[in-house]
Amino acid sequence: MHEPVPTAPAAADKRPAGKRSQIRWLMVVLVALATAIAYVDRANLSVASDSMQQELQFSDELKGIMLSSFFWTYAIFQLPGGWLVDRYGPRALYAIAVVWWSIGTAATALTRGFAGVIGCRLALGVGEAPVQSANARVVSEWFPRKERAFASSIFDTGSEFGSALSVPLVTLLIALVGWRGSFLVTGALGLVWVAVWLLVYRSPRKQRWANRAEIDYIEQGGGRTEEKELDEGGKEPMKWRDLFRYSTTWALVAGYTCRGVIIYFFITWYPDFLVDQQGFSLLELGLFGAIPGLAAMVANWLGGLFSDWLVRRGTPLAMARKIPLVIGMLGASTIALASIAPNPVWALAFLTVSYCSAAVSTGALLSLPADVAPTPRNVASLTGVQNFGSQLGGIIGPIAIGFLLGTGQFAYVWPLAFAGAMCLLGAFFYAFVVRVEPLDEQRPMFG
């Protein structure tokens with residue numbers, strides 16, 4: 001019998017060593033920009049809806065359906081979206097996804113009624129569904145474990161930046177070129193990004209701008225590249241259905257569902273709470289309402305840096321991820337105190353602490369799929385499964401809060417107590433059910 005000839009990382013060996021290049025940071029900036037564009041495109045409708053309503057003549061009830069329709073396909077396609085990223089790789093899938101949703105965005109300019117807008121929003125949801133999974137796959141390929149949480153925080157702040165940018169940008173575009181023109185311009189942003197992406201993005205060993213020192217740094221630090229795992233006699237990816245045999249997978253969904261409740265509170269009921277419960281005027285809402293979100297952007301980065309710092313100082317990976325996760329979810333439960341705060345200043349302070357605490361958990365949370373995936377080609381699939389939980393929280397939270405408000409008992413006391421309790425439940429899942437090790441090293445629940 002012949003001994004197997006080991007596969008050498010030829011692409012890396014032919015490069016000069018030299019000082020380590022930093023191309024991995026360019027890659028995460030690229031996906032952060034794509035995430036920002038995605039959020040601009042999904043928020044465009046919210047800003048333009050009043051102008052559209054005047055021209056297209058649809059009711060407030062239909063407007064509500066129109067605003068929610070994006071999430072129907074966005075939630076459903078999380079699961080196949082992640083599988084497709086693993087099957088075809090982030091370079092191809094990301095390009096296809098952005099072209100798809102950019103066309104859906106631009107096509108909104110051509111609509112002549114409610115049904116056309118709904119169709120475009122459904123297409124947008126399909127196109128944007130793989131984004132989080134592709135982002136996680138890029139980070140898992142390009143970053144060692146000790147930088148993965150911070151890199152995840154960077155791409156996640158793309159969502160916050162895009163949300164913040166969408167209001168002034170779309171408002172300006174509507175003033176200059178009308179609401180139809182605003183959809184054409186924001187749709188074109190994605191197509192420009194795709195051209196840059198296809199020119200720049202490659203996996204580490206195929207990216208000629210990355211030198212051998214950087215590739216070695218990534219791979220020796222735990223970067224999940226397919227080439228590296230093949231060199232080491234890599235195994236076949238776990239079948240998609242088999243991911244659900246493990247309690248960790250279900251805990252990822254459950255924990256993110258709990259976190260989604262509080263995140264979507266700040267997207268949905270938060271302005272009403274400040275105006276109706278705390279007596280904020282519209283001017284005060286505009287001046288002070290952005291404080292929790294702006295502070296959370298900083299907390300997001302700090303949480304990622306903290307998790308990576310723990311890894312670098314030798315803390316076991318499980319603890320380095322769970323400490324910011326559990327602390328963050330416990331801190332987020334302070335939202336329950338906002339409804340009984342003695343004055344609006346204290347209420348806003350509790351909300352800021354809550355939102356920042358949830359943001360502290362982000363980097364570690366988004367690193368988990370790469371940490372527990374049995375192979376690189378399972379990372380995006382697990383991310384899609386996990387992100388489906390966030391959308392469940394986005395569906396459950398606003399409905400539950402609305403129902404509790406509808407009882408007329410104690411105003412926001414019970415709704416915010418419910419949100420705080422969900423944070424405590426999420427902390428339980430991350431502390432005691434999630435295991436931060438590859439799934440194939442864990443005992444399955446069944447099968």
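Reckoned from all heavy atoms, side chains included, excluding hydrogens, waters and symmetry mates.
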Just say parallel, tilted or perpendicular for the rings of Tyr270 and Phe266, cut-offs at 30° and 60°. tilted
Taking atom types as modelled and ignoring hydrogens, do the side chains of Gln442 and Thr248 form a donor-acceptor contact shorter than 3.5 angstrom? yes
Tell me whether the NZ or CZ atom of Arg20 lies within the 45° cone about the ring axis of Tyr217 and under 6.0 Å from its centre. yes
Between Arg148 and Asp371, does at least one N-O distance fall below 4.0 Å, as a salt bridge requires? yes
Closest non-hydrogen atoms of Val85 and Arg137, given as atom of the first, atom of the second and distance, are O-NH1, 3.5 Å
With Glu214, which of Arg24, Arg205, Arg208 fulfils salt bridge (Lys or Arg N to Asp or Glu O under 4.0 Å)? Arg24
Exam field: side chain Lys322 to backbone Val434, donor-acceptor pair closer than 3.5 Å: yes
Roughly how far apart are Glu441 CD and Leu439 CG, rounded to 0.5 Å? 9.5 Å
Taking all non-hydrogen atoms of both residues, which atom of Ala295 and which atom of Thr352 are closest, and how far apart? CB-CG2, 4.0 Å
Test ring-ring contact (aromatic ring centres under 6.0 Å, His included) on Phe273 and Trp269; report intermediate values, then the result. CA-CA 6 Å; Phe273 171 76; Trp269 287 103; over 10 Å; no
Measure the CH2-OG distance between Trp83 and Ser381 for me, rounded to the nearest 0.5 Å. 8.5 Å
Is it the case that over 12 heavy atoms from other parts of the model lie below 6.0 angstrom from the CZ atom of Phe114? yes
Donor-acceptor contact present, side-chain Thr315 to main-chain Leu310, <3.5 Å: yes
Does any part of the side chain of Met329, heavy atoms only, come nearer than 4.5 Å to the side chain of Phe429, both counted from C-beta? no
Can you tell me if Thr375 and Asn378 form a side-chain donor-acceptor pair at under 3.5 Å? yes
Are Val360 and Phe306 packed together at the side-chain level, in the sense that at least one heavy-atom pair is separated by less than 4.5 angstrom? no
Full working for side-chain contact (heavy atoms from CB on, under 4.5 Å) between Arg91 and Trp197: CA-CA 8 Å; Arg91 183 173 185 266; Trp197 173 255; 4.2 Å; yes
For a quick test of reading the model, state the closest non-hydrogen atom pair linking Thr108 to Trp179 and the distance between them. O-CZ3, 3.7 Å
Walk me through whether Gln386 and Gln78 qualify under side-chain contact (heavy atoms from CB on, under 4.5 Å). CA-CA 9 Å; Gln386 176 178 259; Gln78 291 296 319; over 6 Å; no
Counting heavy atoms not belonging to Trp250, are there more than 12 under 6.0 Å from its CH2? no
Spacing of CG belonging to Leu330 relative to SG belonging to Cys423, to within rounding of 0.5 Å: 9.0 Å
Evaluate the criterion side-chain contact (heavy atoms from CB on, under 4.5 Å) for residue pair Lys146 and Arg312; output intermediate values, then yes/no. CA-CA 6 Å; Lys146 63 184 180 182; Arg312 285 195 297 272; 3.6 Å; yes
Using only atom types and a distance under 3.5 Å, with no angle test, would you say the side chain of Asp41 pairs donor to acceptor with the backbone of Trp101? no
Side-chain donor-acceptor pair present, Asn135, Tyr94, cut-off under 3.5 Å: yes
Any side-chain heavy-atom pair of Glu147 and Trp142 under 4.5 Å: no
OH/Tyr430 to OG/Ser361 distance, rounded to the nearest 0.5 angstrom? 7.0 Å
Ile401 vs Phe265, side-chain contact (heavy atoms from CB on, under 4.5 Å): CA-CA, chis, key distance, verdict: CA-CA 8 Å; Ile401 289 173; Phe265 166 79; 3.8 Å; yes
Is any side-chain heavy atom of Val261 closer than 4.5 Å to a side-chain heavy atom of Phe418? yes
For Val311 versus Ala320, what's the shortest heavy-atom pair and its separation? CG2-CB, 3.5 Å
Taking Arg202 for the side chain and Leu198 for the main chain, is one N or O donor matched with an acceptor at less than 3.5 Å? yes
Any side-chain heavy-atom pair from Leu33 and Val196 closer than 4.5 angstrom? no
Answer yes or no: is there a donor N or O on one side and an acceptor on the other, between the side chain of Gln207 and the main chain of Val200, under 3.5 Å? yes
Taking the six-membered ring for Trp, are Trp25 and Phe143 closer than 6.0 Å centroid to centroid? yes
Answer whether the closest heavy-atom distance between the side chains of Leu368 and Leu325 falls below 4.5 Å. yes
Is the closest side-chain donor-acceptor distance between Arg321 and Ser307 under 3.5 Å? yes
To the closest 0.5 Å, what do you measure between OG (Ser133) and CG (Leu84)? 9.5 Å
Looking at side-chain heavy atoms only, is the closest gap between Ile154 and Trp301 below 4.5 Å? yes
Answer yes or no on whether Arg121 is positioned over the face of Tyr74, meaning its NZ or CZ is under 6.0 Å from the six-membered ring centre and within 45° of the axis. no
Check whether any side-chain heavy atom of Phe155 lies under 4.5 Å from a side-chain heavy atom of Val138, and answer yes or no. no
Ring-face cation contact, Tyr256 with Arg259, 6.0 Å cut, 45° max: no
Would you say Ser21 and Trp209 are linked by a side-chain donor-acceptor pair, where the criterion is simply a distance under 3.5 Å? no
Val40 backbone acceptor or donor facing Ser166 side chain under 3.5 Å: no
Which atoms form the tightest heavy-atom contact between Ser182 and Val177, and what is the distance? N-CG2, 3.8 Å
Evaluate Trp240 against Phe244 for ring-ring contact (aromatic ring centres under 6.0 Å, His included), listing each step before the verdict. CA-CA 8 Å; Trp240 188 83; Phe244 295 93; 5.0 Å; yes
Please find the pair of heavy atoms, one from Leu382 and one from Ala373, that lie closest to each other, and give the distance. CD1-CA, 3.6 Å
In this structure, OG1 of Thr111 is separated from CG of Leu56 (nearest 0.5 Å) by 5.5 Å
In terms of side-chain heavy atoms, does Asn300 have a donor or acceptor partner in Asp156 at a distance below 3.5 Å? yes
